*Asks:* 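After the structure tokens below, expect a handful of questions from me.
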Amino acid sequence: MPYSLNLPDAFNAADYFVDRNVREGRGEKAAVLCEDRLLTYAGMQDGMNRFGNALKSLGVRMEERVSLLLLDTEVYPQAFFGAIKIGAVPVCLNTMNRSQDFRFYLNDSRTRVLVVDAPLLELIEPIRNELPFLEHVIVVPLRQGFPLRQGYGGQAPSCSDEPPVNGMRPGDLDFDTLLAAQSDRLDAAPTCRDDACFWLYSSGSTGSPKGTVHLQHDMVYAASTYGMKILEIKEDDVFFSAAKLFFAYGLGNGIYFPFHVGATAVYLPHRPTPEQVYATVRRHRPTLYFGVPTLYGQMLEQDGQMAGVRLCVSAGEALPPSYLHRWKARFQLDILDGIGSTEMAHIFVSNRPGEIAAGSSGKVVPGYEARIVDEEMRDVAGGEIGTLLVKGDSAAAFYWNKHKKTTETMMGSWVNTGDKYYCDEKGYFYCAGRSDDMLKVGGIWVSPNEVEACLIEHPDVLECAVIGASDEDDLVKPMAFVVLAASKEPSEKVESELKEFVKSSLALYKYPRWIRFMDELPKTATGKIKRFELRDMLQQQKAA
Ligand code: 3UK
């Protein structure tokens with residue numbers, strides 16, 4: 001179903017998502033609830049304008065990148081839209097990455113200004129001398145007790161009783177002091193609807209992460225289609241996303257869906273454990289809840305209530321049908337599974353309220369088109385598995401400085417998802433794996449190459465291969481096949497040592513949950529490890 005937005009050529013997303021809400025009389029309405037703090041739309045506009053002015057005072061110009069390494073707090077949308085309002089381009093960084101990843105992101109994007117939450121500054125410290133483009137670091141002090149309603153005017157809060165910030169260097173700027181010194185008035189830069197607006201990094205199985213460049217109109221498109229037509233978002237909704245704002249999924253759930261309709265967003269700055277999530281639901285009474293399958297599974301194992309929630313959403317990886325049924329039985333609530341991607345900004349194939357097919361990603365969202373094709377790009381017959389292509393105006397324009405990857409993925413107006421899917425006669429799409437070796441673990445990408453590269457660093461490991469294996473709930477987790485060095489014998493001790501080794505150097509969710517010791521690994525004539533043979537072996541053992 002083609003769909004087109006009626007946006008004027010001259011368009012600035014910060015004006016649309018923030019200033020418009022104030023113009024329409026929602027200045028005193030809560031835009032964000034975070035712990036015991038409340039940020040009104042007027043307060044958000046105040047902070048956004050001051051932050052935009054601060055960036056300008058530091059010399060940031062239109063089209064230059066500003067990176068955000070931030071927890072989910074009320075600072076996030078102020079920094080995000082402050083950058084967009086002056087025509088600069090925020091890059092939303094995943095806080096779970098390692099220092100060496102940040103070196104790549106900051107240099108690849110040529111970030112001139114980095115905004116970082118004080119507790120995350122230590123991630124940057126080891127690479128501070130390897131960032132030739134970075135000119136300023138703005139440190140956001142802990143938010144507890146910050147007088148939000150008043151905005152940043154007047155006195156900067158006293159910092160005397162705050163703990164010293166680890167890794168802060170002379171010349172680093174304090175966010176609150178910087179904003180207090182700025183004007184709260186700012187005209188939006190003369191961007192147009194097709195200007196670059198924000199970036200997200202997306203990882204692949206090989207090569208470096210891809211800076212995915214989204215345009216000013218993309219957020220409006222996703223909100224007008226999936227947001228309005230599937231979720232039927234309204235001004236009186238309260239949005240709570242356990243998926244963080246730096247993911248494409250969280251960014252829509254927590255920023256541009258609620259602000260599209262002048263609603264309220266609830267932020268949780270901490271790790272989304274079931275306890276934290278239930279406590280946040282109890283405290284702030286969201287009407288819409290967004291999670292990933294792994295977290296739904298964990299929440300089902302814990303006591304807690306979802307009172308006030310009207311609808312739940314799952315994305316990132318396929319939702320096991322058992323979760324859907326157990327959730328419905330316990331809370332009388334539906335979970336809408338839908339597939340989205342960083343490249344498409346948000347969800348483009350989804351289940352709908354009252355029309356849920358368990359185990360399916362649902363039907364095409366109005367405003368998008370989907371095709372399933374074979375290797376020659378011909379449409380497959382109904383029910384056959386092929387590669388899922390999708391079309392819709394929230395698609396990213398290109399990958400930064402990656403022309404080949406861009407042409408492979410963005411094929412004219414069609415975007416290749418890299419996913420294998422089939423479609424039944426009723427139009428429901430079913431996920432049937434990936435066309436590369438990438439794994440989705442807890443809704444987040446894991447490259448088997450990265451886990452292998454880590455394992456091989458261990459002195460006891462001679463060779464290794466990592467694939468995805470299903471756990472007891474049918475969710476994919478990394479599994480490692482390891483050939484030990486000659487002097488080493490397989491044992492439970494070596495197994496747990498290797499697991500700990502990966503845990504200590506990569507993000508936690510990436511460690512292999514199972515390790516199989518092998519005498520040798522299957523290889524091609526050219527010496528490449530055949531992961532597919534390991535997958536087949538596992539399948540056969542499971543079937544037996
Ligand atoms: C997989 C799914 C089965 C699929 C995302 C909602 O996950 C998001 O973006 P990413 O770029 O990953 C995209 C890939 O993840 N996937 C996502 N959802 C599902 N597989 N069922 C699902 N429901 O491989 C896809 O290509 O991290 C999710 C909204 C915005 C997003 N960016």
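Indexing begins at 1, ligand by ligand and atom by atom, following the structure's order. As the structure is a prediction and not an experimental result, all values here were calculated from the model. Side-chain atoms are counted along with the backbone in the values below, which use heavy atoms only and exclude waters and symmetry mates.
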*Asks:* Could you label the plane-to-plane angle of the Tyr296 and Tyr289 rings as parallel, tilted or perpendicular, counting under 30° as parallel and over 60° as perpendicular?
*Replies:*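 If you compare the ring of Tyr296 with that of Tyr289, the planes turn out perpendicular.
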*Asks:* Take the angle between the ring planes of Tyr256 and His346 and call it parallel below 30°, perpendicular above 60°, tilted in between.
*Replies:*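 Aromatic pair Tyr256/His346 classed perpendicular.
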*Asks:* Run the salt-bridge test on Glu301 and Arg326 with the 4.0 Å N-O cut-off and return the result as yes or no.
*Replies:*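 Yes, this pair counts.
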*Asks:* Tell me which protein heavy atom sits closest to atom 3 (C) of ligand 1, plus the residue, atom name and distance to 0.1 Å.
*Replies:*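 Of every protein heavy atom, Ala318 N, 3.3 Å lies nearest to atom 3 (C) of ligand 1.
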*Asks:* Classify the ring geometry of Tyr226 against Phe257: parallel below 30°, tilted from 30° to 60°, perpendicular beyond 60°.
*Replies:*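 If you compare the ring of Tyr226 with that of Phe257, the planes turn out tilted.
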*Asks:* Any nitrogen or oxygen of Ser341 lying under 3.5 Å from a nitrogen or oxygen in ligand 1? Just yes or no.
*Replies:*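 Between Ser341 and ligand 1 (N or O atoms, distance only) the closest approach is under 3.5 Å.
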*Asks:* Under 3.5 Å between any N/O of His346 and any N/O of ligand 1: does that happen in this structure?
*Replies:*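 No; every N/O pair is 3.5 Å or more apart.
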*Asks:* Purely on distance, is any nitrogen or oxygen of Gly338 under 3.5 Å from one on ligand 1?
*Replies:*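 Among all N and O atoms of Gly338, at least one is under 3.5 Å from an N or O of ligand 1.
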*Asks:* Where's the contact between Met344 and ligand 1, heavy-atom distance under 4.0 Å: side chain, backbone, both or neither?
*Replies:*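 Neither part.
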*Asks:* Flag Ser314 as yes when one of its N or O atoms lies below 3.5 Å from any N or O atom of ligand 1, and as no otherwise.
*Replies:*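 The answer is no, given that Ser314 and ligand 1 share no N or O pair closer than 3.5 Å.
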*Asks:* Return the closest protein heavy atom for atom 11 (O) of ligand 1 as residue, atom name and distance.
*Replies:*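 Going by distance alone, atom 11 (O) of ligand 1 is nearest to Thr342 OG1, 2.5 Å.
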*Asks:* Aromatic rings Tyr201 and Phe104: how do their planes relate, parallel, tilted or perpendicular, breaks at 30° and 60°?
*Replies:*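 It falls in the perpendicular class, over 60°.
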*Asks:* Not counting sequence neighbours, which residues clear ring pair (Phe, Tyr, Trp, His ring centres under 6.0 Å) with Phe80? List them please.
*Replies:*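 Expected list: Phe198.
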*Asks:* Checking contacts here: is it the side chain or the backbone of Ile339 that comes within 4.0 Å of ligand 1, counting heavy atoms only? Could be both or neither.
*Replies:*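 Both backbone and side chain of Ile339 come within 4.0 Å of ligand 1.
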*Asks:* Has ligand 1 got any nitrogen or oxygen that is less than 3.5 angstrom from a nitrogen or oxygen of Glu343?
*Replies:*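 For ligand 1, there is no N or O atom that lies under 3.5 Å from one belonging to Glu343.
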*Asks:* Decide whether Thr387 and Lys420 meet the rule of one side-chain donor and one side-chain acceptor closer than 3.5 Å.
*Replies:*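 Side chains of Thr387 and Lys420: pair found under 3.5 Å.
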*Asks:* What is the nearest protein non-hydrogen atom to atom 8 (C) of ligand 1, stated with its residue, atom name and distance?
*Replies:*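 Minimum-distance protein heavy atom for atom 8 (C) of ligand 1 reads Gly340 O, 3.5 Å.
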*Asks:* Between Tyr16 and Phe11, what is the ring plane arrangement, given parallel below 30°, perpendicular above 60°, and tilted in between?
*Replies:*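 Rings of Tyr16 and Phe11: tilted, as their planes differ by 30° to 60°.
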*Asks:* Mark the output for Ala345 as yes if a heavy-atom distance to ligand 1 is under 4.0 Å, and as no if none is.
*Replies:*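 It does; at least one heavy atom falls under 4.0 Å.
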*Asks:* For atom 25 (C) of ligand 1, find the nearest protein heavy atom and state the residue, atom name and distance (0.1 Å precision).
*Replies:*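 Checked against all protein heavy atoms, atom 25 (C) of ligand 1 sits closest to Asp419 OD2, 3.2 Å.
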*Asks:* Would you mind running through ligand 1 and noting each atom that sits below 4.0 Å from a heavy atom of Arg434?
*Replies:*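 The list of qualifying atoms is 24 (O), 26 (O).
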*Asks:* Can you pull out the closest protein heavy atom to atom 7 (O) of ligand 1? Residue, atom name and distance to 0.1 Å, please.
*Replies:*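 Sorting protein heavy atoms by distance from atom 7 (O) of ligand 1 puts Lys440 NZ, 2.9 Å first.
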*Asks:* Just wondering, are more than 12 heavy atoms of other shown residues or ligands nearer than 6.0 Å to CZ in Arg271?
*Replies:*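 Check fails, neighbour count at 12 or below.
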*Asks:* Taking only heavy atoms of Trp445, which atoms of ligand 1 are found under 4.0 Å from at least one of them?
*Replies:*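 Ligand 1 atoms under the 4.0 Å threshold to Trp445: 10 (P), 11 (O), 12 (O), 13 (C), 14 (C), 24 (O), 27 (O).
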*Asks:* I'd like to know if Tyr421 contacts ligand 1, where contact means a heavy-atom distance under 4.0 Å to any ligand atom.
*Replies:*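 Heavy atoms of Tyr421 do come under 4.0 Å of ligand 1.
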*Asks:* Salt-bridge test for Asp237 and Lys234: reply yes if a basic N is under 4.0 Å from a carboxylate O, no otherwise.
*Replies:*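 Result for this pair is no, no salt bridge flagged.
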*Asks:* Which protein heavy atom lies closest to atom 20 (N) of ligand 1, and at what distance to 0.1 Å?
*Replies:*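 Result for atom 20 (N) of ligand 1: Glu317 CA, 3.8 Å.
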*Asks:* Tell me every residue that passes side-chain contact (heavy atoms from CB on, under 4.5 Å) with Ser505, counting only those two or more places apart in sequence or in another chain.
*Replies:*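 Once residues adjacent in sequence are excluded, the partners of Ser505 under the side-chain contact (heavy atoms from CB on, under 4.5 Å) criterion are Cys454.
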*Asks:* May I ask you to decide whether Arg535 forms a salt bridge with Asp437, counting only side-chain N to carboxylate O separations under 4.0 Å?
*Replies:*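 So Arg535 pairs with Asp437 through a salt bridge.
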*Asks:* So is Gly316 polar-close to ligand 1, meaning N/O to N/O under 3.5 Å?
*Replies:*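 Gly316 vs ligand 1: N/O contact under 3.5 Å present.
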*Asks:* I'd like to check which ligand 1 atoms, numbered from 1 as shown, lie under 4.0 Å from a non-hydrogen atom of Thr417.
*Replies:*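 It comes down to these atoms of ligand 1: 26 (O).
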